Amino acid sequence: QCCDIQDAPRFGYRGFHLDPCRHFISVENVKKQLDLMSMFKVNTMHFHLTEDQGWRIEIKKYPKLTSVGSIRTEGDGSFYGGFYTQEQIKEIVDYAAKRYITVIPEIDLPGHMMAAISAYPYLSCKGEQWSLRTVWGVEDIVMCPGKEDMFRFLDDIFSEIVPLFPGKYFHIGGDECPKTSWKNCPACQKRIQTEGLQAEGKHSAEERLQSYVIKRIEKMLEKRGRKIIGWDEILEGGLSENATVMSWRGEKGGIHAAKAGYDVIMSPNIYMYFNCLQSKVNEKKIGNPNRVITLEKVYNYHPVPEVLSADEAKHIKGVQANLWTEYMSALDEMEYMLYPRVAALSEVAWSKKENKDYGRFCTRLESIRRHYDVLGVNYCKKISNE
Ligand code: ACM
Ligand code: ZN
């Protein structure tokens with residue numbers, strides 16, 4: 001009664017990312033994470049729904065995307081799969097909205113599309129029958145932008161997906177698309193000729209072809225009232241001004257984008273990839289063993305790089321932590337990687353740099369741990385700064 005509290009988040013976009021493609025996450029488990037994220041006032045869930053290893057969303061016009069594209073044959077011959085029906089997607093989006101969380105879908109294109117290509121082989125340059133990728137890494141076989149049918153396919157997909165996700169953003173991926181198949185494809189080379197996409201400056205003809213794809217896709221989504229977000233590779237070969245860039249290969253893509261006037265979400269793999277180990281002395285070796293991102297390192301991350309001017313810094317719209325699931329198959333492993341680092345993410349997203357203090361955060365962590373215990377969260381208990 002006797003005071004006013006003035007509080008506002010540092011960033012409007014406070015995100016986390018889930019990858020149900022490498023290892024599936026049930027609707028019930030997605031909802032549990034939404035409950036926990038809302039507790040930490042994280043307001044955006046980036047839902048990575050398609051991959052080389054699995055297509056995870058029902059598309060009524062293309063039933064093979066799920067009957068073929070959602071199931072992979074593992075090395076030992078067993079089947080692994082799962083997908084969300086459109087009704088389940090609505091249920092997740094609605095559950096999130098009640099907790100003030102917007103769900104952004106990602107359809108990763110034109111690379112990372114092996115599940116769709118396995119279901120509909122005409123989508124690739126050679127049109128040959130392949131199966132889903134069963135190992136991790138980057139796939140050379142990608143979609144063929146020489147073919148109009150590829151664009152028709154994506155337009156159809158968007159007609160079904162966009163109405164399910166009412167938020168303003170649509171994530172179109174754009175990362176890790178090798179250009180080898182385009183170099184050897186007559187249809188792709190013809191497209192390069194007819195669209196005048198010859199190599200220019202730093203950009204090869206094939207990089208300019210990727211940029212042609214992104215711009216066409218952006219128009220398809222714009223006509224449906226959505227703005228695109230893409231991984232920082234979408235900067236290569238030129239970009240239209242309405243795109244938002246998600247900086248993942250460190251901060252340099254984000255810095256370049258902000259200087260060029262694009263909005264940016266910072267999600268650098270050196271601070272915000274929660275699939276990396278949280279310490280060298282961790283009792284559990286889940287996740288990417290090649291990099292350690294400690295709780296303290298997450299906490300001390302500042303999403304606005306100092307090299308940006310005040311005007312450029314206005315383009316940094318937020319920050320996001322990503323959880324790629326190659327090296328974790330069960331929910332308890334995923335939770336172990338997410339928590340308590342999500343508590344640190346929350347303060348990175350909410351607090352101004354001058355108000356942050358890792359020591360004080362560690363004191364607050366004591367009560368956060370008690371919440372995790374009561375809620376049955378399998379969080380990492382052994383915090384180390386190494
Ligand atoms: C990514 O981690 N390939 C965006
Ligand atoms: Zn091609």
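Note that the structure is predicted; figures quoted are calculated from it, not measured. Order of appearance sets the numbers: ligands from 1, and atoms from 1 within every ligand.
Of all atoms in ligand 1, listed by their number and element, those nearer than 4.0 Å to a heavy atom of W324 are 1 (C), 2 (O), 4 (C). Short contacts between ligand 1 and E176, defined as distances under 4.0 Å to a heavy atom of the residue, involve ligand atoms 3 (N). Distances below 4.0 Å separate heavy atoms of W248 from the following atoms of ligand 1: 1 (C), 2 (O), 3 (N), 4 (C).
No side-chain N or O of Y262 forms a donor-acceptor pair with one of E241 less than 3.5 Å apart. T50 and D108 are not linked by any side-chain donor-acceptor pair at a separation below 3.5 angstrom, with hydrogens and angles left out of the test.
C185 contributes SG and C125 contributes SG; the angle these two atoms make at the Zn ion (ligand 2) is 110°, rounded to 10°. The Zn ion (ligand 2) lies at the vertex of an angle of 110° between the SG atom of C188 and the SG atom of C144 (rounded to 10°).
Comment: R72 engages E74 in a salt bridge, judged by a side-chain N to carboxylate O separation of less than 4.0 angstrom. No salt bridge links R249 with E176; every basic N to acidic carboxylate O contact stays at or beyond 4.0 Å. With salt bridges taken as basic N to acidic carboxylate O contacts below 4.0 Å, one links R369 and E366.
For ligand 1, none of its N or O atoms has an N or O atom of W231 under 3.5 Å away. Residue Y273 has at least one N or O atom closer than 3.5 Å to an N or O atom of ligand 1. At under 3.5 Å, a nitrogen or oxygen of D175, whether backbone or side chain, sits near a nitrogen or oxygen of ligand 1.
With R133 as reference, E139 is the one residue of E51, E139, H112 to meet the side-chain hydrogen bond (donor to acceptor under 3.5 Å, both in side chains) rule.
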